[in-house]
Amino acid sequence: MTSPIMRARVQSAGFDLATELAGFGTGAGAVVTFTGVVRDDSGRMAALEIEHYPGMTERALNDYGQQAASRFGLADWRIVHRHGRLAVGEPIMMVATAARHRRAAFDAADYLMDWLKSRAPFWKREIGRDGTACWVDAKASDETALSRW
Amino acid sequence: MTSPIMRARVQSAGFDLATELAGFGTGAGAVVTFTGVVRDDSGRMAALEIEHYPGMTERALNDYGQQAASRFGLADWRIVHRHGRLAVGEPIMMVATAARHRRAAFDAADYLMDWLKSRAPFWKREIGRDGTACWVDAKASDETALSRW
Amino acid sequence: MTIDVLYFAWLRERIGTPREQVETSARTVRDLIAELAARDDWHAAAFADLGAVRCALDQQLSELDAALDGVREVAFFPPMTGG
Amino acid sequence: MTIDVLYFAWLRERIGTPREQVETSARTVRDLIAELAARDDWHAAAFADLGAVRCALDQQLSELDAALDGVREVAFFPPMTGG
């Protein structure tokens, strides 16, 4: 269903959901998007820093997106993931999926998110207002979530 | 979590995802959107006509959205559903949910869609290019989907 | 009592009107349907298969066995197909 | 053989460099880790808990027991936290 176009992008710049979705999923009946946003749970966070593996990340995202497209019969899909320093409230990443029916679009977006959480080479570090920097621990629940599929 | 603002709208006009999401879900970590689009499976469809129950629809959508917001702890939510005559490729409706964590945002969007499919007072009719008009049958699978929750 | 009865989708088409006022002493929705179905062939056709009929009382989804006490508006329609 | 070894996140911080070239005859990733950990305290600290170390061989996620035959680039990092 999907052509071998690069539909995943890694960038430090922000992105705009509307721009990403221009012309997205033509002919599909269902479009699902997920956007992750920097959240300050402690009330003491200044920013989030995201490190990644430059040589590997974009290709891994494209490979995996194409596998998901084939598995769920997607008409179209996009992944945009940022790296670098992001302020609270800024969007971190987005996934968009388009399919004939909503179940496939929902499941594919959910699946890609599970994969991104624990298999895409990104590492988050929380920068506190007091200058402290703390790597975010991987959650066991993310691993469990991936085993659902 | 949600104030008693009307977050659901029924309208014949089109809508724009970006406009609907302006300022949406501030402080939330996860935003999920679903957009339903008119699809022509037979290749013979000219348009989709959507009838609704004017006095009831918008209030029912708001009541149900607020229940879902409370059940899933949503920071924000929106439902926009169109009625009237829509061409193939036009968006029919959208749901957006914002929550601290992605599981709640995904589940709430999925749940609202299940509810909209079989409990919101809309009736679809396919208008063929040859002028025929055919009411869309409810799917038993939609009823099954709702019983998951 | 006087009740506003509304019809949607193919029930509206079969009956030929979106709305009518009905004088009735029916106690439940089913009783009201029996009265309506006895009116003429169009009403009878619309209510021929109650498995395909849903209702709302004063704009709240209800069961066909629900009581009509104090209800002002009854709507009949096929299973919904929103989303 | 010569292998490029890359470190990310806190492994990079503990070892103090993002990248080094290593001459090795290690047959598996685990063998390579043993050699690296023996280099100095910084490497030893980075590889102290292998349950918290993941690796990629030539930019493909791999197991620590994987063979190094023909591999040019090995990356070590903690469990990923994308999304």
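Naming: A, B, ... by sequence-line order, numbering from 1 per chain. Any value given below was found using the heavy atoms of this structure, including those in side chains, with hydrogens, waters and symmetry copies removed.
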- Comparing A:D110, A:L17, A:V95 against chain B, the one with the most heavy-atom pairs below 4.5 Å turns out to be A:D110
- Task: Grab the two heavy atoms, one from B:A145 and one from A:R102, that are nearest each other, plus how far apart they are.
- Result: CB-NH2, 4.4 Å
- For atom CZ of B:R44, is the number of surrounding heavy atoms from other residues, nucleotides or ligands below 6.0 Å larger than 12? no
- Note on the structure: Scored by heavy-atom pairs under 4.5 Å with chain A, the best of B:T33, B:V38, B:V37, B:T19 is B:T33
- Task: Counting only heavy atoms closer than 4.5 Å, note whether B:A96 contacts chain A via side chain, backbone, both or neither.
- Result: neither
- Task: Any chance you could measure B:D41, atom CG, to A:R100, atom CZ, to the nearest 0.5 Å?
- Result: 4.0 Å
- Could you tell me the separation between the CG atom of B:L21 and the OG1 atom of A:T35, rounded to the nearest 0.5 Å? 7.5 Å
- Message: If you apply the rule salt bridge (charged side-chain N to carboxylate O under 4.0 Å, His left out), what do you find for A:R103 with B:D114, and how did you get there?
- Response: CA-CA 10 Å; A:R103 190 74 269 136; B:D114 279 343; 5.0 Å; no
- Message: Using 0.5 Å steps for rounding, measure from the CZ atom of A:F34 to the OG1 atom of B:T97.
- Response: 9.0 Å
- Among B:G25, B:G27, B:A28, the residue with the most heavy-atom pairs under 4.5 Å to chain A is B:A28
